[in-house]
Every structure is written in C-alpha cells, then in structure tokens.
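Shown next, in structure tokens, is the structure this report addresses.
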Amino acid sequence: MRIIPYGRQHITEEDIAAVVEVLRGDFLTQGPAIARFEEEFAKIVGAKFAVAVANGTGALHIAALALGVKPGTRVLTTPITFSASSNCIRYCGGEVEFVDIDPRTRCIDVNLVEKKLRGSPKGTYQGIVPVDFAGQPVDLERLKKLADEFGLWILEDACHALGGEFQDTKGVWQKTGNCAYADAAIFSFHPVKHITTGEGGLITTNSEALYKTLCTLRTHGITKNPAELNENHGGWYYEMQILGYNYRLTDFQAALGSSQLKRLAEGNKRREAIVARYKWAFSDLPITLPQPDPSLRHGWHLYVIETDRRKELYDFLRANNVMPQVHYVPVNSMPYYRELGFKPEDTPHAKRYYERCLSLPLYPSMTDQDVEVVIELIRDFYNG
Ligand SMILES: *Cc1c(COP(=O)(O)O)cnc(C)c1O
C-alpha cells in the first residue's frame, strides 16, 4: 500500500532536464546558475539581494555572524521551531532566550517580547530570530517597531513561509522574505519545503553591506575583488579577510531551484486547496484547526491540528500508512538546551502546544484521493 508522508518534494521532467543541462556543462559549482537563481529568488520575494548557500542552517549561521553575533550577544527566539533557529546563535558563541508562543498563531508572542524588552535594561538584547511558523507570517511590523526602539536586529527564519504575505498597517502587502521589516531572512530548500534543491538554503537582505559580508562568509572569507584587497600581487591574488566557511550551493542544485521556483505559485495554490478541504472536512471534529489571520496570505508549509488524543491519532494514522509528524519538540526541552539551564516549563504555551500538535500530510503533489484517505481515516478515528 502507498504511503502518504507529511511532506515531500515534487520533481518534474523539466526539473530533471534543468539539472542534466548543468551536469553536461562547464560548471558544477561557482558557475552562472547560482547568480541566476539568486536573482530570480530575490525578485520573487521582493528583496534586493539573495545569497544561496548549502542549507538553511548554514544560512542562519552566516546571517547570525554577519549581524555580529559573538560571545555575549543575547538573542530572543521561539521554542517552537527547528533547533537550527537557536543553534545558529550558539555557533557564534551567543546566548539565546526562548520567548513563549502565542497559542493562536503559534509564532513568538510579540506581547511577551515587548514585556521582556521593557522589563530589561536597554541594551540587554541585540537581536531576535522570529519564525513564520507553519507558514504564518509573524507580525514583523510590530517586532520591527520594538527592535528599532530597543536597538535589535531581526533575522527572520522564513523557512516555512515562502510565498506568504501579510498586509502592514499602511495596507501594503509585504512578501515573506522581502526584508521590509527585517535585516535578513533565511529559507531552506530541504525536500519538504516549498521548493527544493536537495539540500540548500538562501539569505535575503536589502543591505548591501550585509550582502557583501554574506558572500564572503559563504566562501571561506576569501575575496578576489581588486577593490577589496589590501595588497595585489597579480591576477591570482586573493585574501582571506575573515574566518568564513564553505557553504556554497552547487550549480546543478541552483538549476533545480530555478526550475522549482517556476512552480512555486502553483504549488502554494495546491497547498491552499488542500487546506480548504481539510478545514471543511474537520469542522465538526473535536480538534483545534489552524486559525490563520484573514489579513495575511499563509504559506502553508504545515497543516497542524491540536488534539488531546495526539499519540493515539499518530499511531492510528501510521498503522494506516499515513505518516504525520510533530512540529516541534520544543527546543528548550532538548538535552543540549536543558544543560544550559532551559526547560519547557519556562514556556507553558509552547509546552501545551507540543503535547497536542500533529502535522497532517500537506504537499503539492498530494492527490485528491490522498487527501480523502487522510480525511476518512481521521473522521473514522473520532467517529468510530
Ligand atoms: C528546515 C528548517 C531549517 C533548517 O533548514 P536546513 O536546510 O534543513 O538546514 C531552519 N529553520 C526552520 C524553521 C526550518 O523549518
């Protein structure tokens, strides 16, 4: 019997042809496909600059470095996210603090962020890593106001919300990752995300200075640009000016990304259609459904329900070849973070959410029949 996962990639013959074309060409890495992908991506999300990297975690790491995270830097983030959102701060020697979620949006609670900032001496915190959880754009406009007042930068973890949008108080639609209210935003191209390059990630920013630093950090901290060199011994000469990494994406991955990007809008429409079907089919069941704000366009990376019978439902679906998932085990409950003194009890909304959450299958190549299989199983589970 066919297995229905919670998410999966969608690869077409065009995608395969785009990759093969690069494989037959001159550049497997550091070639022209990277810049092309970056340009297309920046245009789609409405940001000035884009830097493609090896994965979303690397994107977070060098973005945190470029924003100046170092030992002593204190950064706020949410416990309901993939651990990379806070790990990136730890990579740079910085300190993280977890702010509880708003149980409705499941994103970081902006009221609690405000309370924390107002209740601490100015200068206590240097940055914030908000996450557009499940695809719901976080209230960046409000966060940005607070960030400006308290001198924080914003690094938006937008991995869940490619294609999302929110309307700001001026009525302008702001696309996720356009950095209108963030210093930088990051994306992942892991196979379960909106578009994939196998492994891959990307940073968007409107700051030219950040962009330049990110480009250097991506490739060992090395530059060959004559305008940036301290000395110049000839055409071969390069300098390693800062401590960087090899976080490059390959050209064949970038070609896959460009090809996938063409179907982003179509994929997100399909996600919306599945969500609408779920919403209608589950409306009379004793489960909490996602409650997206009508004033925004949700990216619908995940469809997360909440139920008191989570473990039972998880086991029941798996026994029937449907593979739901739990997003996430709170980061502040991980042994590594417990060792640092954190505990899930610090963030009671996140703790309670974790005890009840379950992500149902949602991906563009999911057929109507797959959707009906999931619906029927869940209805049977509750109605006997
Ligand atoms: C996927 C994801 C990441 C990490 O991306 P990778 O490409 O797997 O390194 C970071 N944050 C969030 C919220 C994610 O969903």
Side-chain angles (χ1 to χ4, degrees), residues 5-9 37 41 50-65 67 69 75-92 96 98-99 101 105-108 127-138 140 154-164 176-177 182 184-204 214 217-218 245-250 253-254 256-257 260 268 271 298-304 325-332 334 336-337 350 353-354 357 359 362-363:
Y6 85 88
R8 67 161 288 154
Q9 72 276 18
F37 177 48
F41 195 97
V51 181
V53 292
N55 52 61
T57 304
L60 281 162
H61 182 191
I62 61 172
L65 279 172
L67 287 163
V69 178
V75 177
L76 302 174
T77 190
T78 167
I80 298 299
T81 183
F82 184 58
S83 42
S85 309
S86 54
N87 290 353
C88 66
I89 305 304
R90 300 293 301 153
Y91 296 156
C92 310
V96 292
F98 298 98
V99 177
I101 59 166
T105 65
R106 298 136 171 194
C107 294
I108 196 166
I128 176 161
V129 183
V131 179
D132 303 302
F133 182 75
Q136 155 112 11
V138 65
L140 280 178
I154 296 178
L155 169 55
E156 177 188 10
D157 183 338
C159 285
H160 293 186
L162 180 54
T176 297
I186 74 99
F187 294 89
S188 161
F189 307 130
H190 180 277
V192 297
K193 308 289 163 78
H194 293 76
I195 67 166
T196 190
T197 59
E199 297 280 358
L202 182 142
I203 307 128
T204 54
L214 290 167
L217 283 169
R218 164 176 62 182
Y245 300 83
N246 179 354
Y247 278 163
R248 292 188 299 260
L249 191 72
T250 65
Q253 288 176 297
L256 178 56
Q260 290 255 312
N268 280 18
R271 288 173 184 274
H298 203 287
W300 292 118
H301 165 53
L302 301 172
Y303 189 85
V304 184
Q325 188 55 277
V326 167
H327 296 94
Y328 292 90
V329 181
V331 180
N332 54 0
M334 296 292 164
Y336 169 78
Y337 283 99
Y353 162 83
Y354 164 64
C357 68
S359 305
L362 179 62
Y363 47 95

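Just the heavy atoms: all of them, side chains too, but no hydrogens, waters or symmetry mates, feed the values below. Note that ligands are numbered from 1 as they come in the structure, with each ligand's atoms numbered from 1 the same way.
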Using atom types as modelled and distance alone, determine if a side-chain donor or acceptor of T197 lies under 3.5 Å from a backbone N or O of Q253.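 Pair absent, no side-chain N/O of T197 close to backbone of Q253.
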Is the backbone N or O of C159 less than 3.5 Å from a side-chain atom of S188, with the two atoms forming a donor-acceptor pair by type? no
Working to the nearest 0.5 Å, report the span between CG of L256 and CZ of F37. 8.5 Å
From I101 CD1 over to T81 OG1, what is the distance, rounded to the nearest 0.5 angstrom? 11.5 Å
Residues that H160 engages under side chain to side chain donor-acceptor pair (under 3.5 Å), provided they are two or more places apart: Y328
Under the criterion side chain to side chain contact (heavy atoms under 4.5 Å, CB included), which of L155, T77, I108, V75 is the partner of I128? I108
Can you list the ligand 1 atoms lying under 4.0 Å from a non-hydrogen atom of [X]?
| X | result |
| --- | --- |
| Y328 | 15 (O) |
| T81 | 13 (C) |
| G200 | 7 (O) |
| C159 | 2 (C), 3 (C), 10 (C), 11 (N), 12 (C), 13 (C), 14 (C), 15 (O) |

Which heavy atom of the protein is the closest neighbour of [atom], given with residue, atom name and distance?
| atom | result |
| --- | --- |
| atom 9 (O) of ligand 1 | T57 OG1, 2.6 Å |
| atom 14 (C) of ligand 1 | K193 NZ, 3.1 Å |
| atom 11 (N) of ligand 1 | D157 OD2, 2.7 Å |

So is [X] polar-close to ligand 1, meaning N/O to N/O under 3.5 Å?
| X | value |
| --- | --- |
| S188 | yes |
| G56 | yes |
| H190 | no |

Structural part of N55 in contact with ligand 1, heavy atom criterion under 4.0 angstrom: both
Can you tell me which portion of H160 lies within the under-4.0 Å heavy-atom range of ligand 1? Options are side chain, backbone, both, or neither. side chain
Ring centroid separation for Y91 and Y245, is it under 6.0 angstrom? no
So, S85 and D157: side-chain donor and acceptor under 3.5 Å apart, yes or no?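 Yes, side-chain donor-acceptor contact under 3.5 Å.
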